[in-house]
**Student:** 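Dumping the structure here so I can ask a few things about it.
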Amino acid sequence: MVNKITVVGAGNVGATTAQRIAEKELARTVVMVDVMEGIPQGKALDQWQSAPIEGFDSHLVGIARKPGMSRDDLLNTNAGIVKQVSEQIRTTSPNAILIVVSNPLDVMAYVAMKVTGFPRARVIGMAGVLDTARYRAFIAEALDVSVRDIQAMVLGGHGDTMVPLISYTSVSGIPITQLMPQAKLNAIVERTRGGGAEIVKHLKTGSAYYAPSAAAVQMCESIVFDQKRILPCAAWLEGEYGMSGLFLGVPCKLGRNGLEKIIEVELTREERDALAKSADAVREPMGAVKL
């Protein structure tokens, strides 16, 4: 385990992420930071008191956001919040590896990297693991098979233009196209793209947090234990897939140093075109961000 992992935000996603990190004992101390005084402290104390039952020794601590980051910041755009958090990280944790979860994901990862000045290896966005999990879950449900036997990967931006790679989707090595008609597969792809919105529609208020927190922790686990997992993550491209100067979901090797390698795979013409379209959808809001 590492000495400390800090989770910024003690809402549903943040608190669930902190609990999962503690239960897996990825760090000796798990710190939750939030703008709301009392919320991170109370939740961390509650979580720590579950340790004797769940059998983990990671200590959970909650702290309010430091001076200079007032509650008025909540009225700003996510970019403004991520910028201020990143400034604090740059000062207090200059060697940290950042896993960015805030939406719009690809743009927020860009803000975090620009403000911290960290190299691309230490700023990674969580989106592809979540989108892939939804895709795999829907396929497993449709075929009535175990989710563990579904191999798949979703690339591109985190949104309506994400790109599930049908050519690399299989069930225990059997190509998905041999097991499911194209029309049904297309419907699953569309459901995956709207996976988050489907949950919001059910909840009425609030959004997904169980699967997003699990996705962030899987990335964290690969880094802490130097597992070298190949996971779809938002990474800063420097020529890979013929693109540069943006964060986009691509296959990434995650280890103790963070992003250790971007894996370039051969795509069909349709997949290449879809990835380029997804990149355009990411660049547009990037251009509107003022840092």
**Student:** Between R28 (side chain only) and V2 (backbone N and O only), is there a donor and an acceptor less than 3.5 Å apart?
**Tutor:**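 No: the side chain of R28 does not pair with the backbone of V2.
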**Student:** Start with the C-alpha distance between D226 and E260, add both sets of side-chain angles, then the distance that settles side chain to side chain contact (heavy atoms under 4.5 Å, CB included), and finish with yes or no.
**Tutor:** CA-CA 10 Å; D226 199 27; E260 298 194 347; 3.9 Å; yes
**Student:** Any side-chain heavy atom of R122 within less than 4.5 Å of one from L98?
**Tutor:** no
**Student:** Keeping the roles fixed (side chain from E240, backbone from E238), state whether a donor-acceptor pair exists under 3.5 Å.
**Tutor:** yes
**Student:** Mind listing the closest non-hydrogen atom pair of T161 and S278 along with its distance?
**Tutor:** OG1-OG, 3.0 Å
**Student:** Do L246 and Y110 come within less than 4.5 Å of each other through their side chains, counting heavy atoms only?
**Tutor:** no
**Student:** Are V61 and I21 connected in the hydrophobic side-chain network, where two residues link if heavy atoms are under 4.5 Å apart?
**Tutor:** no
**Student:** Decide whether V33 and L26 are clustered together by the hydrophobic rule: side chain heavy atoms of Ile, Leu, Val, Met, Phe, Trp, Tyr closer than 4.5 Å, transitively.
**Tutor:** no
**Student:** For the residue pair A44 and G62, what are the closest heavy atoms and their distance?
**Tutor:** CB-N, 3.4 Å
**Student:** What are the two closest heavy atoms between V123 and A112, and how far apart are they?
**Tutor:**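 Nearest pair, atom of V123 first, then A112: CG1-CB, 4.3 Å.
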**Student:** Taking everything shown except E87 itself, do over 12 heavy atoms lie less than 6.0 Å from its CD?
**Tutor:** yes
**Student:** Indicate the atoms forming the closest heavy-atom contact of A27 with S58, along with that distance.
**Tutor:** O-OG, 2.6 Å
**Student:** Test of understanding: clusters of I, L, V, M, F, W, Y form through side-chain heavy atoms closer than 4.5 Å, transitively. Do I5 and I63 belong to the same one?
**Tutor:**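 Different clusters.
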**Student:** Is a donor on one side and an acceptor on the other found under 3.5 Å between the side chain of S244 and the backbone of G239?
**Tutor:**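 Side chain of S244 to backbone of G239, a donor-acceptor pair under 3.5 Å: yes, one is there.
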**Student:** Return all side-chain donor-acceptor pairs below 3.5 angstrom for residues 193-206, not counting sequence neighbours, or 'none' if the list is empty.
**Tutor:**
from, atom 1, to, atom 2, distance (Å)
R193, NE, M162, O, 2.9
R193, NH1, E190, OE2, 2.8
R193, NH2, M162, O, 3.1
E198, OE1, R191, NE, 3.1
E198, OE2, R191, NE, 3.4
E198, OE2, R191, NH2, 3.0
K204, NZ, K201, O, 3.4

**Student:** Is atom NZ of K228 surrounded by more than 12 heavy atoms (other residues, nucleotides or ligands) closer than 6.0 Å?
**Tutor:**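 Buried by this count: over 12 neighbours within 6.0 Å.
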**Student:** Hey, quick one: are Y241 and I166 part of the same hydrophobic cluster, counting side-chain heavy atoms closer than 4.5 Å, chains of contacts allowed?
**Tutor:** no
**Student:** Any chance you could lay out the side chain to side chain contact (heavy atoms under 4.5 Å, CB included) test for E271 and V265, step after step, and finish with the verdict?
**Tutor:** CA-CA 11 Å; E271 289 166 345; V265 299; over 6 Å; no
**Student:** Would the distance check show the side chain of S222 and the main-chain N or O of L254 forming a donor-acceptor pair, the cut-off being under 3.5 Å?
**Tutor:**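 Checking the backbone N and O of L254 against the side chain of S222, a donor-acceptor pair under 3.5 Å is found.
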**Student:** So which atom in A64 and which in P40 form the shortest heavy-atom distance, rounded to 0.1 Å?
**Tutor:**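 Scanning both residues, the minimum pair turns out to be N-CG, 4.2 Å.
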**Student:** Taking atom CD of E266 as the centre, report whether more than 12 heavy atoms of other residues, nucleotides or ligands fall under 6.0 Å from it.
**Tutor:**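 Open: at most 12 neighbouring heavy atoms sit under 6.0 Å from CD of E266.
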**Student:** Does D149 reach the main-chain N or O of V171 with its side chain, forming a donor-acceptor pair under 3.5 Å?
**Tutor:** no
**Student:** Can I97 be reached from M32 by stepping across I, L, V, M, F, W or Y side chains whose heavy atoms are under 4.5 Å apart?
**Tutor:**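 No; tracing contacts between hydrophobic side chains, which count when under 4.5 Å, never links both residues.
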**Student:** Would V115 and V82 count as a side chain to side chain contact (heavy atoms under 4.5 Å, CB included) if you check the C-alpha gap in whole Å, the side-chain angles of each, and the deciding distance to 0.1 Å?
**Tutor:** CA-CA 9 Å; V115 173; V82 170; over 6 Å; no
**Student:** Hey, can you pull the donor-acceptor pairs under 3.5 Å for the side chains in residues 124-140, sequence neighbours left out?
**Tutor:**
from, atom 1, to, atom 2, distance (Å)
D131, OD1, H158, ND1, 3.2
D131, OD2, H158, ND1, 3.0
T132, OG1, G128, O, 2.6
T132, OG1, V154, N, 2.9
Y135, OH, T169, OG1, 2.9
R136, NE, I150, O, 2.9
R136, NH2, V147, O, 3.1

**Student:** Given D280 and K277, is the salt bridge (Lys or Arg N to Asp or Glu O under 4.0 Å) satisfied, shown in steps?
**Tutor:** CA-CA 5 Å; D280 289 340; K277 179 182 176 183; over 6 Å; no
**Student:** Could you check whether K43 pairs with D46 (Lys NZ or Arg NE/NH1/NH2 to Asp/Glu carboxylate O, under 4.0 Å)?
**Tutor:**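 No, this pair does not count.
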**Student:** Between the side chain of Q151 and the main-chain N/O of S172, is any donor-acceptor distance below 3.5 Å?
**Tutor:** yes
**Student:** For E54, look at atom CD and say whether over 12 heavy atoms of other residues, nucleotides or ligands are found less than 6.0 Å away.
**Tutor:** yes
**Student:** So does V217 get a backbone contact from the side chain of R20, meaning a donor-acceptor N/O pair under 3.5 Å?
**Tutor:** no
**Student:** If you apply the rule side chain to side chain contact (heavy atoms under 4.5 Å, CB included), what do you find for F247 with V100, and how did you get there?
**Tutor:** CA-CA 11 Å; F247 275 87; V100 180; over 6 Å; no
**Student:** Closer than 3.5 angstrom, by distance alone: can the side chain of S213 be matched with the main-chain N or O of Y210 as a donor-acceptor pair?
**Tutor:** yes
